[in-house]
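Throughout, a chain's letter reflects where its sequence line sits, starting with A, and its residues are numbered from 1. Nothing here was measured: the structure is a model prediction, and the numbers come from that model.
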Amino acid sequence: MRMSQYFLPTMKETPSEAQIVSHRLMLRAGLVRQTSAGIYAWLPLGLRVLRNIERIVREEQDGAGAQEVLMPTIQSADLWRESGRYDAYGPEMLRIKDRHDREMLYGPTNEEMITVLFRDGVKSYRDLPKNLYHIQWKFRDEVRPRFGVMRGREFLMKDNYSFDIDKAGAIHSYNRMFVAYLRTFARMGLKAIPMRADTGPIGGDLSHEFIILAETGESAVFCHKGLVDKDILSRKIDYASDLQGIVNEWTSLYAATDEMHDAKAFEALPESERLAARGIEVGHIFYFGTKYSKPMNAVVAGPGGEQITVEMGSYGIGVSRLVGGIIEASHDDAGIVWPEEVAPFKVAIVNLKPDDGAVGGACQKLYDALGAKGVAVLHDDRDMRPGGKFADMDLIGIPWQVIVGPKGLAAGKVEVKNRKTGTREELPPEQVLARFG
RNA sequence: CGGGGCGUAGCGCAGUCUGGUAGCGCGUCUGCCUUGGGCGCAGAAGGUCGUCGGUUCGAAUCCGGCCGCCCCGACCA
């Protein structure tokens, strides 16, 4: 993408409504614009990040055996009357009426709808297990939206639902998602720690929140230090196998949010192993048995012809929240520092002198060659002074900056700067291609 | 939902107390200059002062209603 043509409204100053760093940076870097309290429009650069996060979530869900569907944002009130949650959910649910005066709602979650889809489509134990996910916008009419996209009213969420014949199967489904979540967040460059959680209004008796550590996190968290650096990506995962061992590795070490905190157990750890910090919840998984399947009659025929109520679990990742969460976890004074996997572009070419034919030609050549290799590259070909370009590039946080100026070029070199470490290298352009190809 | 605050140019703000017809910085546009970290000079455009009503010869300014947004708390994925 050529920056001179890109819709990328960056700002030098911070709009006064933004208080936390991720919100400030998202506005300044031209990722989003607020349109109402807790509701945001995603601009091109922000949308690329959002799509990258979706992509990783999707790959990991598929890899763990979940299947993608897409359910609507608007649901019928009758559906929610069936589970008994229409009245229970309260004012956080946005209720609307259509032209025929039918009661509808903007979905805050999809347990009811998925249960009906499952119930109508699956009649035999032979079709189990099933795990269905979708990535869709949700609306929860928060009393007080805040922190930018991290607590918006409209937000993009991956939610999925598992259906098993018995509790053992349901626990296996739960464990699969547990491991898939560890991988998902690790791939985004995050250290997400699973913590024993309160099941809240969704209900159930087994639940973990996945929390990333950040100073500005909403909740206080306490855990064993060993959890921070545990690595999942280097392991080969067989989702068909018993995953309980891996789950136990993570759950045997102490980790809890403040509402589940057991000060005694925590203080029993050696002081050097205790970590008390703040965190942002980016995922939440639940096993809830027959809480929905029973009232909504989601049953299948068992081997002996008997009717068996299915065992369910639900699993959520706050996709749009992650954009803010990643920034909270990865930024510096100059701006955002995107982890490569989610970065809107991997490489940025900074043309220091656009009206110099040689410099422009070298930039264009690099741009075309990198593009041909499938590298996402942003070309700052704007007619601006270098200072502003550097500032913008640091602000939007592209991992690699290839800086091309007349001086270096005369010596046959361009400069490659790493956004995260600040290290710079002078290389001939061909080597740049080799590096990022 | 309790408490507090704010709404004036794209962004940040002054002006409101004490009523007299709107200003600063940044950004934007034009020209010149400059070109390795938001450079300089000159010129220009851009605002029904959130909205409705009231008081007044006259309202950004005073009074009232409404709307919107933010912060703290409670609540919450």
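Using a 4.0 Å heavy-atom distance criterion, Gly387(A) is classed as a sugar-phosphate-only contact. Using a 4.0 Å heavy-atom distance criterion, Gly152(A) is classed as a base contact. Using a 4.0 Å heavy-atom cutoff across all strands shown, Gly408(A) reaches at least one base atom of the nucleic acid. Note on Gly405(A): a base of the nucleic acid sits closer than 4.0 angstrom, heavy atoms only. No engagement by Lys158(A) is indicated, since no non-hydrogen atom pair under 4.0 Å with the nucleic acid exists.
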Next on the checklist: Evaluate Glu111(A) against Lys291(A) for salt bridge (charged side-chain N to carboxylate O under 4.0 Å, His left out), listing each step before the verdict.
Outcome noted: CA-CA 10 Å; Glu111(A) 278 87 359; Lys291(A) 180 179 164 80; over 6 Å; no
Checklist entry - Does the ring-ring contact (aromatic ring centres under 6.0 Å, His included) test come out yes or no for Tyr287(A) and Tyr174(A), once each step is laid out? => result CA-CA 7 Å; Tyr287(A) 158 70; Tyr174(A) 184 91; 7.3 Å; no
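Base pairing analysis places G7(B) opposite C67(B); the two distances defining the Watson-Crick or G-U wobble pair are each below 3.5 Å. G47(B) is unpaired under the criterion used here, namely a Watson-Crick or G-U wobble arrangement in which both key atom distances are under 3.5 Å. A 3.5 Å limit on both hydrogen-bonding distances identifies no Watson-Crick or G-U partner for U55(B). Using Watson-Crick or G-U wobble geometry with both donor-acceptor distances under 3.5 Å, G12(B) finds its partner in C24(B). Checking G19(B) for Watson-Crick or G-U wobble geometry (two distances, each under 3.5 Å) identifies no partner in any strand. Remark: A60(B) base-pairs with no nucleotide; criterion is Watson-Crick or G-U wobble with both hydrogen-bond distances under 3.5 Å.
Each of C11(B), G36(B), C72(B) was ranked by its minimum atom distance to the side chain of Phe390(A); first place goes to G36(B). Closest to the Arg424(A) side chain, of the nucleotides C76(B), G12(B), G37(B), is G37(B). Between C1(B), C76(B), G38(B), one nucleotide has an atom nearer to the side chain of Arg144(A) than all others, and that is C1(B). Nearest nucleotide to the side chain of Asp394(A), out of G37(B), G36(B), U34(B): G37(B). Nearest nucleotide to the Ala391(A) side chain, out of C76(B), G36(B), G38(B): G38(B). Listed nucleotides: G38(B), G37(B), C71(B). Nearest to the side chain of Met384(A): G38(B). The side chain of Lys353(A) approaches U35(B) more closely than any other nucleotide in the set U35(B), C11(B), C70(B). Of the candidates G38(B), C69(B), C26(B), the closest approach to any side-chain atom of Glu13(A) belongs to C26(B). In the set C70(B), C76(B), A77(B), C76(B) carries the atom at the smallest distance from any side-chain atom of Arg151(A). In the set G27(B), A74(B), G36(B), the nucleotide with an atom closest to the side chain of Glu415(A) is G36(B).
Across the protein-nucleic acid pair, Arg382(A) atom CZ and G36(B) atom P stand 17 Å apart, rounded to whole Å. As a whole-Å value, the separation of Leu395(A) CG from G27(B) C1' is 15 Å. As rounded to whole Å, 21 Å separates atom P of G25(B) from atom CE of Met11(A). Look at CZ on Arg85(A): it is 11 Å from P on A77(B), rounded to the nearest Å. We find that CD of Glu142(A) is positioned 16 Å from C1' of C71(B), with the value rounded to whole Å. What separates CE of Met3(A) from P of G38(B) is a distance of 16 Å, to the nearest Å. Arg24(A) places its CZ atom 11 Å from the P atom of G12(B), with the value rounded to the nearest Å. One can place CG of Asp355(A) at 14 Å from C1' of C32(B), the figure rounded to the nearest angstrom.
Within a 6.0 Å sphere centred on NZ of Lys230(A), other residues, nucleotides and ligands contribute more than 12 heavy atoms. Around the NZ atom of Lys420(A), the shell of radius 6.0 Å holds no more than 12 heavy atoms that belong to other residues, nucleotides or ligands.
Between Ala18(A) and Val143(A), the residue anchored closer to the 5' end of RNA chain B is Val143(A), taking for each the nucleotide with the nearest heavy atom. Comparing Glu426(A) and Gly318(A) by the nucleotide of RNA chain B that holds the closest heavy atom to each, the one mapping nearer the 5' end is Glu426(A).
At least one test fails for Arg2(A) against the ring of Tyr367(A): distance under 6.0 Å to the centre or angle within 45° of the axis. Judged by the 6.0 Å distance and 45° axis criteria, Arg95(A) is positioned over the aromatic ring of Tyr86(A).
Side-chain atoms of His134(A) and Asn160(A) include no donor-acceptor pair closer than 3.5 Å. In the model, Asn131(A) has no side-chain atom that pairs as donor or acceptor with a side-chain atom of Tyr133(A) under 3.5 Å.
When all heavy atoms of Ala180(A) and Tyr239(A) are compared, the closest pair comes out as CA-OH, 3.4 Å.
For the C1' atoms, the distance from G47(B) to G15(B) is 14 Å, rounded to whole Å. C11(B) and U51(B) have their P atoms separated by 15 Å, with the value rounded to a whole Å. The same atom, C1', is picked in G31(B) and in C13(B); the two are 30 Å apart, to the nearest Å. Using atom P as the reference point in both U8(B) and A42(B), the two lie 30 Å apart (nearest Å). Nucleotides G54(B) and G58(B) place their C1' atoms 15 Å apart, quoted to the nearest Å. The separation of C75(B) from G12(B), taken at their P atoms, amounts to 32 Å, rounded to a whole angstrom. Rounded to whole Å, the separation between the C1' atoms of G46(B) and C26(B) comes to 14 Å. A distance of about 11 Å separates the C1' atoms of A22(B) and U61(B), rounded to the whole Å.
For U34(B), its base sits under 3.5 Å from the side chain of Arg385(A) at one donor and acceptor pair at least.
At C70(B), one or more side-chain N or O atoms of Gln34(A) fall inside 4.0 Å of OP1 or OP2 (strictly under the cut-off). Between C13(B) and Ser16(A), a contact under 4.0 Å exists linking OP1 or OP2 to a side-chain N or O.
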